[in-house]
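Working notes, structure below.
Heavy-atom basis, side chains included; hydrogens, waters and symmetry copies ignored.
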Amino acid sequence: MKRLMFAAALCAALASPSRAELVRVVSTGAGSITVEIVVPEPSIAPLETEGSDRLSRVLVKGFHTLDREGGPILPVRRLFFAVGSRENVRLDILEEEAYPLAGVLPAVALEKGTLADARAALAKVPPLSDQRFVRLSGVETVRGTHCAFVDVHPVLYDPAAKGLSCARRLVIRLSFPPGGEVSAEGGRLFLGDDLFVNEAQA
């Protein structure tokens, strides 16, 4: 299952617009990298013609949409970082600039159901305080290369405000044990050097 998920994420990353448009490396160290993520404004496509709080498709340039049954359909982008070990990898959010977008309810991934069912599903979304714009979703070893997966969620749904919280700018630091060069088979990284945010470190 992990291999299948990784393959799907890899295909999505390769099909995405240039990562350089979204991510800027601020600094690197022996066991860390700090990057700045500048997020474009979301585009909103209402699914309802009337009402103040309308269900809508939410899109952000350079991001894909995450369809998880029963959950809001919102943008996401997976970033890949080469790290020297699978253990003790940590993600810290150093700066976070966000703004609210009132009156917008995201569409919900429902195989069957009405708009009323979608609204009911949104009521079950965790509070905004329990959500994060950036998450470390895991570290895997692929043909000798340790790869950390960092998921960026530029838009979050706030069930209390019945609206969106949109990231404008994020600064994150990924820390990992220093030392130990990132390995590669045949002298070249399996995933391709340009896939990693920290390709210079890799």
Quick one: side chains of residues 152-159, donor-acceptor pairs under 3.5 Å with protein atoms, not counting sequence neighbours, listed by atom name and distance.
{"from": "Asp158", "atom 1": "OD1", "to": "Ala160", "atom 2": "N", "distance (Å)": "3.1"}
{"from": "Asp158", "atom 1": "OD1", "to": "Ala161", "atom 2": "N", "distance (Å)": "3.4"}

Going by atom type alone, with no hydrogens or angles, which donor-acceptor pairs under 3.5 Å involve a side-chain atom of residues 113-129 and a protein atom two or more places apart or on another chain?
{"from": "Thr114", "atom 1": "OG1", "to": "Ala116", "atom 2": "N", "distance (Å)": "3.3"}
{"from": "Thr114", "atom 1": "OG1", "to": "Asp117", "atom 2": "N", "distance (Å)": "3.2"}
{"from": "Thr114", "atom 1": "OG1", "to": "Asp117", "atom 2": "OD2", "distance (Å)": "3.3"}
{"from": "Asp117", "atom 1": "OD2", "to": "Thr114", "atom 2": "N", "distance (Å)": "2.9"}
{"from": "Arg119", "atom 1": "NH1", "to": "Asp53", "atom 2": "O", "distance (Å)": "3.4"}
{"from": "Arg119", "atom 1": "NH2", "to": "Glu48", "atom 2": "OE1", "distance (Å)": "2.7"}
{"from": "Arg119", "atom 1": "NH2", "to": "Glu48", "atom 2": "OE2", "distance (Å)": "3.2"}
{"from": "Arg119", "atom 1": "NH2", "to": "Asp53", "atom 2": "O", "distance (Å)": "2.9"}

Name the atoms and distances for all side-chain donor-acceptor pairs under 3.5 Å in residues 162-171, with sequence neighbours left out.
{"from": "Arg169", "atom 1": "NE", "to": "Glu36", "atom 2": "OE2", "distance (Å)": "2.6"}
{"from": "Arg169", "atom 1": "NH1", "to": "Glu95", "atom 2": "OE1", "distance (Å)": "2.7"}
{"from": "Arg169", "atom 1": "NH1", "to": "Glu97", "atom 2": "OE2", "distance (Å)": "3.3"}
{"from": "Arg169", "atom 1": "NH2", "to": "Glu36", "atom 2": "OE2", "distance (Å)": "3.4"}
{"from": "Arg169", "atom 1": "NH2", "to": "Glu95", "atom 2": "OE1", "distance (Å)": "3.3"}

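Remark: Asp92 pairs with Arg90 by the side chain to side chain donor-acceptor pair (under 3.5 Å) rule, at least two apart or across chains.
Note: the hydrophobic cluster containing Val104 does not contain Leu59 (ILVMFWY, side chain heavy atoms under 4.5 Å, direct or indirect links).
Across Ile93 and Val134, no two heavy atoms sit closer than the pair CD1-O, 4.1 Å. Residue Cys147 comes nearest to Val83 through the heavy atom pair N-CG2, 4.4 Å, listed as atom of the first residue, atom of the second, then distance. The two residues Lys61 and Pro40 have their closest heavy-atom pair at O-CG, 3.7 Å. Residues Val58 and Pro75 come closest through the heavy atom pair O-CG, 3.7 Å. The minimum heavy-atom distance between Ser137 and Arg78, with the atom names listed, is OG-NH2, 3.0 Å.
Put simply, CG on Leu22 and CG on Leu79 are 8.0 Å apart, with the number rounded to the nearest 0.5 Å. Note that CG of Leu174 is 8.5 Å distant from OG of Ser32, once rounded to the nearest 0.5 Å. Note: His64 NE2 to Leu74 CG = 15.0 Å, rounded to the nearest 0.5 Å. Put simply, CG on Leu91 and CZ on Arg173 are 11.0 Å apart, with the number rounded to the nearest 0.5 Å. In this structure, CG on Asn88 lies 12.5 Å from CZ on Phe176, to the nearest 0.5 angstrom.
Formation of a donor-acceptor pair under 3.5 Å by the Arg77 side chain with backbone atoms of Gly62 is found in this model. Of the possible polar contacts, none joining the Thr65 side chain to the Ile73 backbone as a donor-acceptor pair under 3.5 Å is found.
Through direct or indirect side-chain contacts shorter than 4.5 Å among Ile, Leu, Val, Met, Phe, Trp and Tyr, Leu66 is connected to Val76.
Residues in residues 98-113 take part in no side-chain hydrogen bond (donor to acceptor under 3.5 Å, both in side chains) pair, two or more places apart or across chains.
Residue-environment remark: CD (Glu69) exceeds the threshold of 12 foreign heavy atoms within 6.0 Å.
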